[in-house]
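Values below: all heavy atoms of this structure, side chains included; hydrogens, waters and symmetry mates excluded.
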Amino acid sequence: MLHTIKKIGVLTSGGDSPGMNAAIRSVVRACAFHDIKCIGIYRGYEGMIDGDFIEMDARSVKGIINKGGTILKSARSKEFRTIEGRTKAHEQLKKADIDAFVVIGGDGSFTGAMIFNQEFNFPVMGIPGTIDNDIVGTSHTLGYDTALNTVVDAIDKIRDTASSHNRLFFIEVMGRDVGHIALNVGIAGGAEEILIPEEDLGLDRLVESLRRSKKSGKSSSIVVVAEGDKIGKSVFELKDYVDQNMEGYDVRVSVLGHMQRGGSPSCFDRVLASRMGVKAVESLITGKSNYMVGIKNDVMDLTPFDQAVKGKSKINMELLRVSDIMTI
Ligand code: F6P
């Protein structure tokens, strides 16, 4: 039996990621398909508290599937972490006759939605939008595939100049506390070493690996460093350490930063976004709430928020072994 939901809100929250616009487009069009009104909520939970809303229809989201970023803007809201802030948000939703919302964001955004649901019994659904791919319950978060391709392209470009000048490059990539981005781009970019939080390589092993690369005749090297890596040194300190302790290295550092969050979403992310938006809307209107939409073995799935927000998705150990072999 279709649940009596007549108007659904959609918002983007937390760090943005490529594919968020494609997901907004899918939620809006899935609502239109089911004759349900859709309200865009600007600036994440901050805009929900402010009642910063806009009516959206199938035409409002034309021409955005290929655009990075989010037309609804995103934000992190301290006020929403308070019961007063969430109460203001609830009042705004009720004033606008919004019956449910879809939040596109990371685990922090889902935690907020879960608490909101508990406090107001308000139907909510989550779409995992983050480049980190660190959320339990989905093999891919939205933006991860695009970020991988962006970073691999950057590594290929850096490798051109590294080999021209026989240099060692430390390249820092995003991923917050997990090493999914670093591990995959390290393998794809042919990095000589990959430093990730899940495996404490240790400085000695890094030095020994670099020495081995040099001895094998490699005139330039790339070391990919996940920003959450625990070796205890920043990429700049790693450079200093090599400068001071290793002969014959001309070392440079490249911190890729927020360019990893931008760009036109890949085909994979556009299709994933389209599938997740439909799944989120159709789950809400059939009475489900408090779930994150995910993809597992290419099948759309739902994971309860209280599981999705617990812990981080684990590194693929087989991939780690492949990386160890490839960096011989
Ligand atoms: O969660 C996505 C992410 O890009 C992380 O990889 C990164 O550590 C963080 O956001 C950066 O946060 P901000 O956008 O606040 O600088």
Side-chain angles (χ1 to χ4, degrees), residues 5 7-17 19-21 23-24 27-28 31 37-56 60 68-132 134-137 141-143 174 176-177 228 258 261-262 276-277 280-281 284 289-293 303-312:
I5 285 181
K7 196 182 280 188
I8 293 177
V10 58
L11 64 149
T12 45
S13 171
D16 69 318
S17 71
M20 281 189 164
N21 278 327
I24 292 167
V27 168
V28 173
C31 285
K37 288 191 181 308
C38 192
I39 300 293
I41 300 170
Y42 281 112
R43 299 177 293 112
Y45 293 125
E46 208 63 26
M48 193 186 284
I49 292 169
D50 298 342
D52 195 357
F53 300 159
I54 182 167
E55 280 210 20
M56 300 183 86
S60 320
T70 160
I71 59 169
L72 290 177
K73 310 292 180 191
S74 185
R76 295 185 174 98
S77 169
K78 283 200 176 63
E79 194 177 0
F80 197 77
R81 291 167 184 261
T82 67
I83 179 68
E84 293 78 13
R86 292 191 294 271
T87 304
K88 276 190 219 166
H90 185 244
E91 282 155 11
Q92 294 285 11
L93 295 173
K94 296 320 284 174
K95 204 162 82 183
D97 295 324
I98 294 172
D99 306 306
F101 68 71
V102 176
V103 55
I104 305 163
D107 52 354
S109 306
F110 297 161
T111 301
M114 183 171 67
I115 295 168
F116 191 82
N117 167 270
Q118 287 159 356
E119 288 168 345
F120 303 104
N121 190 27
F122 193 91
V124 295
M125 202 58 65
I127 290 179
T130 170
I131 64 167
D132 301 339
D134 56 351
I135 302 181
V136 169
T141 56
L142 209 43
M174 282 185 162
R176 208 178 282 272
D177 307 323
H258 285 69
R261 293 251 290 268
M276 285 183 161
V281 169
L284 281 171
S289 172
N290 233 6
Y291 287 95
M292 178 196 81
V293 173
T303 300
F305 272 155
D306 61 1
Q307 286 174 32
V309 300
K310 232 183 264 157
K312 298 286 180 187

State the OH-CZ distance between Tyr291 and Phe305, to the nearest 0.5 angstrom. 11.0 Å
Heavy-atom closest pair, residues Ile41 and Gly9: CD1-CA, 4.1 Å
Roughly how far apart are Arg76 CZ and Glu46 CD, rounded to 0.5 Å? 12.5 Å
To the nearest 0.5 Å, what is the distance between CD1 (Ile39) and NZ (Lys7)? 4.5 Å
For atom NZ of Lys73, decide whether the heavy atoms of other residues, nucleotides or ligands shown that lie under 6.0 angstrom number more than 12. no
Validation row: Ile8, Met125 side chains within 4.5 angstrom (heavy atoms): no
Under the side-chain hydrogen bond (donor to acceptor under 3.5 Å, both in side chains) test against Ser109, which residue among Ser13, Ser74, Ser77 passes? Ser13
If I compare all heavy atoms of Gly15 with all of Arg261, which pair ends up nearest, and what's the gap? CA-NH2, 3.6 Å
Can any side-chain N or O of Lys310 pair as donor or acceptor with the backbone N or O of Val136 at less than 3.5 Å? no
Heavy-atom check, side chain of Val309 versus side chain of Met292, under 4.5 Å: no
Any non-hydrogen side-chain atom of Met48 less than 4.5 Å from a side-chain atom of Ile98? no
Any side-chain to backbone donor/acceptor pair from Thr12 onto Ile104? Under 3.5 Å, distance only. no
Checking the side chain of Arg86 only, and the main-chain atoms of Arg81 only, is there a donor and an acceptor separated by less than 3.5 Å? yes
What do the steps show when you test Ile24 against Thr70 for side-chain contact (heavy atoms from CB on, under 4.5 Å), and what is the final call? CA-CA 8 Å; Ile24 292 167; Thr70 160; 3.5 Å; yes
In this structure, is the centre-to-centre distance between the rings of Tyr45 and Phe116 below 6.0 Å? no
Glu55 to Ser60 - nearest heavy-atom pair and separation: O-OG, 4.4 Å
Which heavy atom in Thr303 sits nearest to a heavy atom in Gln307, and how many Å separate them? CG2-CB, 3.8 Å
Would you check if the side chain of Thr141 reaches a backbone N or O of Thr130 as a donor-acceptor pair within less than 3.5 Å? yes
Look at Lys37 together with Asp97 and state whether they make a salt bridge at an N to O cut-off of under 4.0 Å. no
Are the side chain of Asp132 and the backbone N or O of Met174 linked by a donor-acceptor pair below 3.5 Å? no
Rounded to the nearest 0.5 angstrom, the CG-CG distance for Leu72 and Asn21 is 7.5 Å
Residues Glu79, Lys88; criterion side-chain contact (heavy atoms from CB on, under 4.5 Å); working and verdict: CA-CA 10 Å; Glu79 194 177 0; Lys88 276 190 219 166; 2.4 Å; yes
Closest non-hydrogen atoms of Leu142 and Ser17, given as atom of the first, atom of the second and distance, are O-OG, 2.8 Å
Nearest non-hydrogen partners of Asn117 and Phe122, listed with the distance: ND2-O, 2.9 Å
Identify the residue among Val28, Leu11, Val124, Leu284 that makes a side chain to side chain contact (heavy atoms under 4.5 Å, CB included) with Val102. Leu284
If we only count heavy atoms from C-beta on, is the Thr87 to Phe120 side-chain gap below 4.5 Å? yes
Student check: side-chain heavy atoms of Asp107 and Arg176 closer than 4.5 Å: no
